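To start, the structure itself, in structure tokens.
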Amino acid sequence: MSIKLFNTMGRQIQEFIPVEDNKVRMYTCGPTVYNYAHIGNLRTYIFEDILRRTLEYFGYQVKQVMNVTDVGHLTDDADEGEDKVIRSAKEKGKTAREIAGFYMEAFFKDLSLLNVEKPSVVCKATDHVDDMIKLIRRIEKNGFTYASGGNLYFDVAKFPDYGRLAMLRLEDLKAGARVKIDEQKKSPHDFVLWFTKSKFEHQSMMWDSPWGRGYPGWHIECSAMSMKYLGDHFDIHCGGIDHIPVHHTNEIAQAEAATGKKWVNYWLHGEFLVLSKEKMAKSAGNFITISTLIDKGYDPLDYRYFCLGAHYRSQLQFSFEALDSAKNGRAGLMERIARIREEAEKTGAEKVSPYAADTGAPGTYASGKGAPGTDDKAIRYLKSFEAHISQDLNVPKALADLWNLVKDGSVEAVSKYSVILAMDKVLGLRLGTAQMKKISVSKEISNLIDEREKAREDKDYKRADEIRNILKERGIIVEDTPQGVKWRKV
RNA sequence: GGCGCCGUACCCAAGCGGCAAGGGAGAGGUCUGCAAAACCUUUAUGCACCGGUUCGAAUCCGGUCGGCGCCUCCA
């Protein structure tokens, strides 16, 4: 099946064709580790995870590289401001390395809570300063740089295609509207490749370079590291939508100035999560983290489910009301799936495996050979699901396919469950963990359950309800069914 | 000032020329202990507003109002 993706470069949906058959090389811009990631940041990583899972679902071998910025991003532009990591270190009385290490670990823990698969390669900026220097030398050799006031700048005027990704026309931009113009620059859009001067004199993180002892500019790391691990020309580069006008625009200029050829084929950008009409920002202090959500009683997967309800290129309105509806929705979904699974296992299938995807290869259902136990009706839902995810990752529609399948009483259980597992390869909601658990309870709890049954027999419903409430507080839900009393954990 | 995007039911949100997906919440019903849970059914003749194009528009064009993002490190 062909996958169609919206390419920011050119702003249109295009069929995805990899550089190399069956392989996908993608670079995803990672975090600057000077604070916890907030749920707005995390939305983008969930989107990238869906992209990667979709590609893998359709049989591509994906090599995904993500950077971790542990140095080099300043608090503001105009080549002023402090390095965020170093400032955070100062505030907390730690070294920059400690700060970066701490938040990097926290970041990947958040990702795993959200069931976001870890990239194939995670690379830190500070481990790749040599690569950055090498890349800057290539750019310099090709004549795209100039030195001024001690810094080495990229000369935007030498790169005619500058700004194409963002559809910028330099003459239209009101440079200096919000930022003081740097007197050292020939053009306000020029940017620093290497700092040697000024306020970094007394700081710990500095490196020797052909331009003097100093500090890399803050766009060069992604270009250098992506090219190191993925080559001079690769398939996909992703990030948040905010990266389009500056970061990615500058990255393209640098990379293509160095190689003299096209760098990346497809650019994909995730839209923002917005909070009461404002974007969530670390600097604005209005941010919510995964820990916040956990403390409020949400499962991180509730948030993942919430994000899956909206298309990645639309802004998503966050509110706790909306998150509650996602939480309830997911709970209902898991419960239904648990029942389907029970039914499937009862009918004899000991272990139901996910249905093979339609990769077009022999052995998949596209060849006309249904797997045992999978009926055509279930496959129809899966086909619809595949059509939707391959259409620029229409996950909201794909999620609707899942719901429609789950609710369709005419689909046989083993097939149904098998298709659900197949869909979950992309959705990553851990649907396979849904289970009607025969949980073991303590003596005390089981006594309470017995006592309640006795009260019900005596028609002492007041006491029965009392006990149910007590159990509920302990996280046990009691259900009276025609088959007798059942209980489960919340 | 420039550039880009958006406005769909109580909430979140798909759809982007052919009779408005999905989830939550609400309502009704089945079951039951007038309970809980579960299950079933149901909820926009309408898509900010005003014009236009078309056999046909939420979807295309123009205008108005409102909101967001970017032009500064930010997912």
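These figures come from a predicted structure and were not determined experimentally. The chains referred to below are lettered A, B, ... by the order of the sequence lines, with proteins before strands, and numbering in each begins at 1.
- Remark: the separation of the P atoms in B/rC6 and B/rU59 is 13 Å, to the nearest Å.
- Comparing B/rG24 with B/rU42, their C1' atoms are spaced 15 Å from each other, to the whole Å.
- Using C1' as the reference atom, B/rG18 and B/rA75 are 39 Å apart when rounded to the nearest Å.
- We find that NE2 of A/His38 is positioned 12 Å from C1' of B/rC73, with the value rounded to whole Å.
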Item to check | B/S/- contact track for nucleotides 12-25 of chain B, protein heavy atom under 4.0 Å | outcome: SSSS-----BSBSS
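- Phosphate contact (OP1/OP2 of B/rC40, side-chain N/O of A/Arg336, threshold under 4.0 Å): present.
- Pairing partner, B/rC31: none, since no Watson-Crick or wobble contact has both distances short of 3.5 Å.
- Shown here, B/rC3 forms a base pair with B/rG69; the pair counts as Watson-Crick or G-U wobble because both key distances fall under 3.5 Å.
- For B/rC61 and B/rA57, the P atoms lie 15 Å apart once the distance is rounded to whole Å.
- Ring geometry for A/Phe234 against A/Trp263 counts as perpendicular: the plane angle is over 60°, on a 0 to 90° scale with 30° as the lower cut.
- Nucleotide B/rG4 holds its C1' atom 13 Å from the CZ atom of A/Phe272, rounded to whole Å.
- Between A/Gly240 and A/Tyr461, the residue whose closest nucleotide on RNA chain B is further toward the 5' end is A/Tyr461.
- The aromatic rings of A/Tyr162 and A/His189 are tilted relative to each other, their planes meeting at an angle between 30° and 60°.
- No donor-acceptor contact under 3.5 Å links the side chain of A/Arg339 to the base of B/rA38.
- Using modelled atom types, one finds a donor on one side chain and an acceptor on the other under 3.5 Å when comparing A/Asn67 with A/Tyr27.
- Nucleotide B/rC16 forms no Watson-Crick or G-U wobble pair with any nucleotide shown, as no partner meets the under 3.5 Å limit on both distances.
- Summarising the geometry, the separation between CG on A/Asp458 and C1' on B/rG33 is reported as 13 Å, rounded to the nearest angstrom.
- For A/His311 and A/Phe6, the distance between ring centers is not under 6.0 angstrom.
- Contact annotation: side chain of A/Arg452 to base of B/rG33, donor-acceptor pair present below 3.5 Å.
- With a cut-off of 3.5 Å on both Watson-Crick or G-U wobble distances, the partner of B/rA9 is given as none.
- For A/Ala464, taking side-chain heavy atoms from C-beta onward, the closest of the listed nucleotides B/rC73, B/rG33, B/rC70 is B/rG33.
- Searching all strands for a Watson-Crick or G-U wobble partner of B/rU59 with both distances below 3.5 Å returns nothing.
- Between A/Ile470 atom CD1 and B/rA35 atom P the separation is 21 Å, expressed in whole Å.
- Using a 4.0 Å heavy-atom distance criterion, A/Gly270 is classed as making no nucleic acid contact.
- Following rounding to the nearest Å, A/His237 (NE2) and B/rA75 (P) show an atom-to-atom distance of 13 Å.
- The residue A/Tyr45 sits close only to the backbone: its heavy atoms come under 4.0 Å of sugar-phosphate atoms, none of a base.
- B/rU42: Watson-Crick or G-U partner is B/rG26, with both key distances under 3.5 Å.
- To the nearest whole angstrom, the two C1' atoms, one in B/rC49 and one in B/rA58, are 14 Å apart.
- Using the six-membered ring where Trp is involved, A/Phe195 and A/Trp218 have ring planes that are parallel, under 30° apart on the 30 and 60° scheme.
- Between the A/Asp424 side chain and the A/Leu431 main chain, a donor and an acceptor come within less than 3.5 Å of each other.
- Proximity note for A/Glu335 (side chain, C-beta onward) versus B/rG33, B/rC74, B/rA37: the nearest is B/rA37.
- Rounded to whole Å, the C1' atom of B/rC10 lies 40 Å from the corresponding atom of B/rG1.
- The CZ atom of A/Arg304 sits 19 Å away from the P atom of B/rA75 (whole-angstrom rounding).
- When every heavy atom of A/Arg53 is checked against every heavy atom of A/Asn115, the shortest pair comes out as NH2-O, 2.9 Å.
- No option in A/Ile46, A/Thr44, A/Leu273, A/Leu42 other than A/Ile46 meets the side chain to side chain contact (heavy atoms under 4.5 Å, CB included) test with A/Cys307.
- Nucleotides B/rC60 and B/rG17 place their P atoms 7 Å apart, quoted to the nearest Å.
- A donor-acceptor contact under 3.5 angstrom links the side chains of A/Tyr57 and A/Glu386, judged on distance only.
- Summarising the base pairing, B/rA48 is matched to B/rU64 through a Watson-Crick or G-U wobble pair whose two defining distances lie under 3.5 Å.
- For B/rC74, there is no paired base (Watson-Crick or G-U wobble, both distances below 3.5 Å).
- Residue A/Arg456 places none of its side-chain N or O atoms closer than 4.0 Å to OP1 or OP2 of B/rU32.
- Here the two rings, on A/Phe191 and A/Tyr153, have centers that are 6.0 Å apart or farther.
- Across the C1' atoms, B/rU8 and B/rA48 are found 10 Å apart, a figure rounded to whole Å.
- Atom NZ of A/Lys459 and atom P of B/rG33 are 6 Å apart (whole Å).
- Nucleotide B/rC68 holds its P atom 13 Å from the CG atom of A/Leu275, rounded to whole Å.
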